[in-house]
Amino acid sequence: MKRILISVLALFLITACGTEKKEEMKTEAPAAIEQTSTNLEITNGWIRPSAKGTNTAFFFDAVNGTDMDDTLLTVESDIAEVVQVHETYQADKGMMGMREVKGVAIPKDSTVNFKPRGLHIMLIKLKHDVKTGEEYKLKLNFAKKGSLEITAPVKDMLTKQTMGEHKH
Amino acid sequence: MKKILIPIAIFFTFISCQEKFPVLDSWGSANYNLVNQDGEKVIFPHALKGKVSLVTYIFTNCPDICPLTTNNMRLIQERMKKEGINHVDLYSISFDPEVDTPPVLKKFAEMRDLNLSNWQFLTGDKKEIDDLIHQIGVFAVRGDSTVFEDGKTIYYYIHTDRISLVDKEGKIRKNYPGSTTNIDEVINDLKDFNE
Ligand SMILES: [Cu+2]
């Protein structure tokens with residue numbers, strides 16, 4: 001009898017607040033090797049929407065399929081007053097910050113992901129609203145490759161990924 | 001024997017809930033005079049009392065972390081609606097009030113198509129905000145800045161990345177890691193937590 005009641009007690013303890021879910025750690029993989037070209041290319045570019053006068057970020061993958069190491073030096077854009085290469089980093093006490101970086105190495109045969117919580121291009125003090133659905137040109141300047149012009153859409157990527165049917 | 005054990009079982013059930021949502025922090029008896037995105041006065045945390053709240057801390061010039069945290073708040077709000085959770089309100093407090101005036105916050109929400117029916121963006125005097133966040137161990141310090149040709153400077157804050165679960169008494173019962181919050185975990189907690 002006692003035994004049954006003890007197990008009942010234990011059961012209550014376990015079920016009282018539902019099951020504890022371990023937090024999923026999303027691991028960052030800065031340089032995944034996936035050779036898709038024999039050239040240096042920018043793929044999966046996107047810009048986060050933001051209002052005139054504020055800042056936003058441009059994300060993409062830099063795919064270096066060549067056999068030469070390269071470096072992304074600067075980025076140019078007409079939509080912002082200032083454009084900088086930035087990285088987000090973890091500071092003391094779990095705080096998050098970001099800072100400018102001078103050049104990002106894009107090693108041969110590798111892909112460098114510029115993505116949320118990591119490297120990004122800061123578009124500072126937007127000259128006008130940058131809205132979902134629009135597209136803008138950006139120019140990326142590399143040490144060896146020279147300049148690459150690309151067009152990137154404006155989207156809130158995470159929302160789209162997680163909420164498949166989200167409408168705008 | 002049975003009669004004794006049933007109250008004990010109930011007691012343990014209660015205790016284990018307390019352990020899952022212990023009081024982590026509180027604003028004590030302090031209240032802060034804030035305004036929302038429409039310029040309406042909000043006495044914080046007094047205005048939160050009587051409902052469970054999720055509170056986050058952001059600045060709108062933040063291009064990376066805060067949009068992710070804001071997006072998580074939106075995903076939580078959408079899931080709440082889907083699952084019929086309606087005892088919870090959402091709040092985003094700006095720790096850069098000199099930039100984040102009510103119109104700036106309103107525009108921030110509009111640009112992201114946010115549903116403000118149970119979600120308010122709050123700002124106030126710098127001192128008031130600093131006191132409010134420091135009281136509960138949230139930090140926002142100026143790091144890098146950009147100086148423009150007109151002499152204006154904008155600052156990038158190094159800041160705590162957090163969403164807090166606040167009870168009906170205005171006490172913090174759990175903290176989630178803002179931009180990397182697990183939405184399922186929050187939803188499960190909200191289903192369990194109504195005190
Ligand atoms: Cu940045």
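All values below were derived from every heavy atom in this structure, side-chain atoms included, with hydrogens, water molecules and symmetry-related copies excluded. Lettering follows sequence order; numbering is per chain, from 1.
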Picking from A/Lys125, A/Glu81, A/Lys131, A/His120, which has the most non-hydrogen pairs under 4.5 angstrom with chain B? A/Lys125

Is there a continuous path of hydrophobic side-chain contacts, each under 4.5 Å between heavy atoms, that joins A/Ile121 to A/Tyr89? no

Look at the side-chain heavy atoms of Ile, Leu, Val, Met, Phe, Trp and Tyr, link any pair under 4.5 Å apart, and say whether B/Val55 and B/Met73 land in one connected group. no

Interchain contact, A/Met122 with chain B, by part (heavy-atom threshold 4.5 Å): side chain

Of all heavy-atom pairs between B/Arg112 and A/Ser50, which one has the smallest distance, and what is that distance? NH2-OG, 3.8 Å

Would you indicate whether A/Lys127, at its atom NZ, is surrounded by more than 12 heavy atoms from other residues, nucleotides or ligands within a distance under 6.0 Å? yes

Side chain to side chain, B/Thr180 and A/Arg117, heavy atoms closer than 4.5 Å: yes

B/Pro63 versus A/His86: any side-chain heavy-atom pair under 4.5 Å? no

So how far is it from B/Asn71 CG to A/Arg48 CZ, rounded to the nearest 0.5 Å? 7.5 Å

Heavy-atom pair count under 4.5 Å with chain A, highest-scoring of B/Asp64, B/Asp161, B/Asp144, B/Thr160: B/Asp64

Hphob cluster co-occupancy, A/Ile124 + A/Tyr136, side-chain heavy atoms under 4.5 angstrom: no

Rounded distance (nearest 0.5 Å) linking atom CE of B/Met111 with atom OG1 of A/Thr54: 7.0 Å

Need one label for B/Phe148: side chain, backbone, both or neither, based on atoms under 4.5 Å from any heavy atom in chain A. side chain

Is there a side-chain contact between A/Met95 and B/Ile65, using heavy atoms and a 4.5 Å cut-off? no

Look at atom NZ of A/Lys137 and say whether more than 12 heavy atoms of other residues, nucleotides or ligands are closer to it than 6.0 Å. no

Going through the distances and angles, do A/Asn55 and B/Ile154 end up as a side chain to side chain contact (heavy atoms under 4.5 Å, CB included)? CA-CA 10 Å; A/Asn55 308 328; B/Ile154 55 170; 3.6 Å; yes

Side chain / backbone / both / neither for B/Tyr157 at chain A, heavy atoms under 4.5 Å: backbone

Exceeds 12 heavy-atom contacts within 6.0 angstrom, atom NE2 of B/His46: no

Shared hydrophobic cluster for B/Val138 and B/Ile93 (ILVMFWY, side-chain gaps under 4.5 Å): yes

Are A/Val85 and A/Val112 co-members of a hydrophobic cluster defined by side-chain heavy atoms under 4.5 Å apart? yes

